[in-house]
Protein chains: 2
Amino acid sequence: MDENIDLPALEKLRGFLASAQLPDDGRLPPERELAQSLDIGRAVLRKALATLQAEGVVWRHVGKGTFTGERPIDTVADINAMVQRTNPFEVMGARIAFEPEVARCAALNATGAQVAEIRNCMLKAQQAPTWRQYEQWDNKLHRTIGEASQNSLLLGLLDTLNAVRRAVTWGRLRDTPVRPPADHHSFAEHIEIVQAIGDRDAAGAYEAMRRHLRSVESHMRNRG
Amino acid sequence: MDENIDLPALEKLRGFLASAQLPDDGRLPPERELAQSLDIGRAVLRKALATLQAEGVVWRHVGKGTFTGERPIDTVADINAMVQRTNPFEVMGARIAFEPEVARCAALNATGAQVAEIRNCMLKAQQAPTWRQYEQWDNKLHRTIGEASQNSLLLGLLDTLNAVRRAVTWGRLRDTPVRPPADHHSFAEHIEIVQAIGDRDAAGAYEAMRRHLRSVESHMRNRG
DNA sequence: TGTAAAAACCAATTGCATATTGGGTTGGGT
DNA sequence: ACCCAACCCAATATGCAATTGGTTTTTACA
């Protein structure tokens, strides 16, 4: 902490914070304006603000303003940052960590209509005439399982994960045959997942999804 | 599919897509410009584009443009939308689904320095003189566990989850006593989590984190 | 001469008007 | 009946001036 702090100014600022009616986002008036209304210089105010920032009472950001409370972690537009930071194996690891839990929640919470939709997606994926359409139905299958968890936040996180996955694997379809072979490993795995969800078997759904993604991971490694 | 499709125009468009040098985001020229350069009408082009969009070859968005490939799910992690849609119980459910898996990965992957930092956060949380500082160290403990997973995507998802959590629980500290009581339930639970991570016990870390969050959940219910 | 305050400058961000883009309709021509 | 050109609308992007925090320079005073 800076020892040159002006204590009367700091007390004025604390008094302001204790009594001010601030907007919902906790934004303080601009420094120039606040200095004037507290009848102190801006440089003095800035020192007092720096003290309060070090205590976690306020946070400041160039161009945005000064706000009460702790600085939020910056997550807006973080998808691009995530994409830059990660790689296909991390994406697989995150899926293996996350999606079995989503399947578990789906087994506990899915409506009958959602179970039927999950089955439909699985069948459509098996019957898909091209890899592109197989991927579309595969994506829809996984997302419908996320919807069936009945937890909008889990679904939001799953969508974030899939957005990163697609960005990381962009262009990956170029060198594949026309459609998946009839013995494509995911088909049997999908059947097990969907069966467990339909049976309301949470642990079974968790294990089946985990086996599926481990299998996807090892195929990815062999193709590496 | 629309049966009024103009096949020569569709072939012209496919030919364009096969040979064009497009920017990295796969953006096509604006419709008016593309219609001119292909020497077809804009309405005809729009029909051809609609056909390709139905096949998943391109996607279009008012005001943005036309792009190759499938329509991405909203790629900006829209934290505000998640916050509006969810509630504290969903947040708890998502944490219970997600954070034990993060603890499992941390037990397998943490460096020695990270284990030491995790311990430090735990001790600092126990010694915190105010609830505000306890929360700061608690947040840091959970985030350090996320870092220790050595998976930047898992960490990104955890940050997203915590950003939503903070927004949903905004202002929750107002009516609490000065500091956590010495027998605050989380203290013993933190010890178990940190012990399991330090012991490299993945299943133990998973179970300890799950018990901790279930305990937080039931305290939340009783307080509700 | 040293210090504090005021003024000026810089980088990051916001707000707003205008331009652009896809979506669609209308009228005229073949 | 269909296509084309022109036009309109809603969503989005772009560019620029204003705003905001961060810092340096200048000025005034003791």
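The structure presented is a predicted model; accordingly, all values stated were derived computationally and were not measured. In the text below, chain A, chain B and the rest are named by the order of the sequence lines, each starting its count at 1. Computed over heavy atoms, backbone and side chain alike; hydrogens, waters and symmetry mates excluded.
Rounded to whole Å, atom P of dT12(D) lies 13 Å from atom CZ of Arg27(B). Distance, Leu34(B) CG to dT21(C) C1': 13 Å, rounded to whole Å. Between the P atom of dT20(C) and the CZ atom of Phe67(B) lies a distance of 16 Å, rounded to the nearest Å. If you take CH2 of Trp59(A) and P of dG22(D), they are 11 Å apart, rounded to a whole angstrom. If you take CD of Glu31(B) and C1' of dG23(C), they are 8 Å apart, rounded to a whole angstrom. Going from atom CD of Glu33(B) over to atom P of dA5(D) covers 16 Å, rounded to whole Å. In this structure, Gln36(A) places its CD atom 15 Å from P of dT19(D), rounding to the nearest Å. For the pair Lys47(B) NZ and dG23(C) C1', the interatomic distance rounds to 14 Å; values are reported in whole Å.
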**Message:** Run Glu117(B) and Lys140(B) through salt bridge (Lys or Arg N to Asp or Glu O under 4.0 Å) and show every step you take.
**Reply:** CA-CA 10 Å; Glu117(B) 180 61 23; Lys140(B) 186 146 190 215; 3.5 Å; yes

**Asked** Can you check ring-ring contact (aromatic ring centres under 6.0 Å, His included) on His219(A) and His184(A), steps first, answer last?
**Response** CA-CA 11 Å; His219(A) 277 85; His184(A) 180 49; 7.4 Å; no

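Between atom CD of residue Gln126(A) and atom CG of residue Leu141(A) there is a gap of 10.0 Å, rounded to the nearest 0.5 Å.
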Using a cut-off of under 3.5 Å, enumerate the N/O to N/O pairs linking the protein to nucleotides 12-15 of chain C.
from, atom 1, to, atom 2, distance (Å)
dT13(C), OP1, His61(A), NE2, 2.7

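Distances shorter than 4.0 Å separate some side-chain N or O of Arg46(B) from OP1 or OP2 on dG23(C). OP1 and OP2 of dT20(D) both lie 4.0 Å or more from every side-chain N or O belonging to Thr66(A).
The 12-atom threshold is not exceeded at CD of Gln36(A), counting heavy atoms of other residues, nucleotides or ligands nearer than 6.0 Å.
Ranked by how close their nearest DNA chain D nucleotide is to the 5' end, Arg42(B) and Arg60(A) are led by Arg42(B).
Shown here are the salt bridge (charged side-chain N to carboxylate O under 4.0 Å, His left out) partners of Glu147(B), two or more places apart in sequence or in another chain: Arg143(B).
Using bins of under 30°, 30° to 60° and over 60° for the plane-to-plane angle, the ring pair His190(A)/His212(A) lands in the perpendicular bin. Using cut-offs of 30° and 60° for the angle between ring planes, the Phe98(B) and Phe98(A) rings count as perpendicular.
A donor-acceptor contact under 3.5 angstrom links the side-chain atoms of Arg32(B) to the base of dG22(C).
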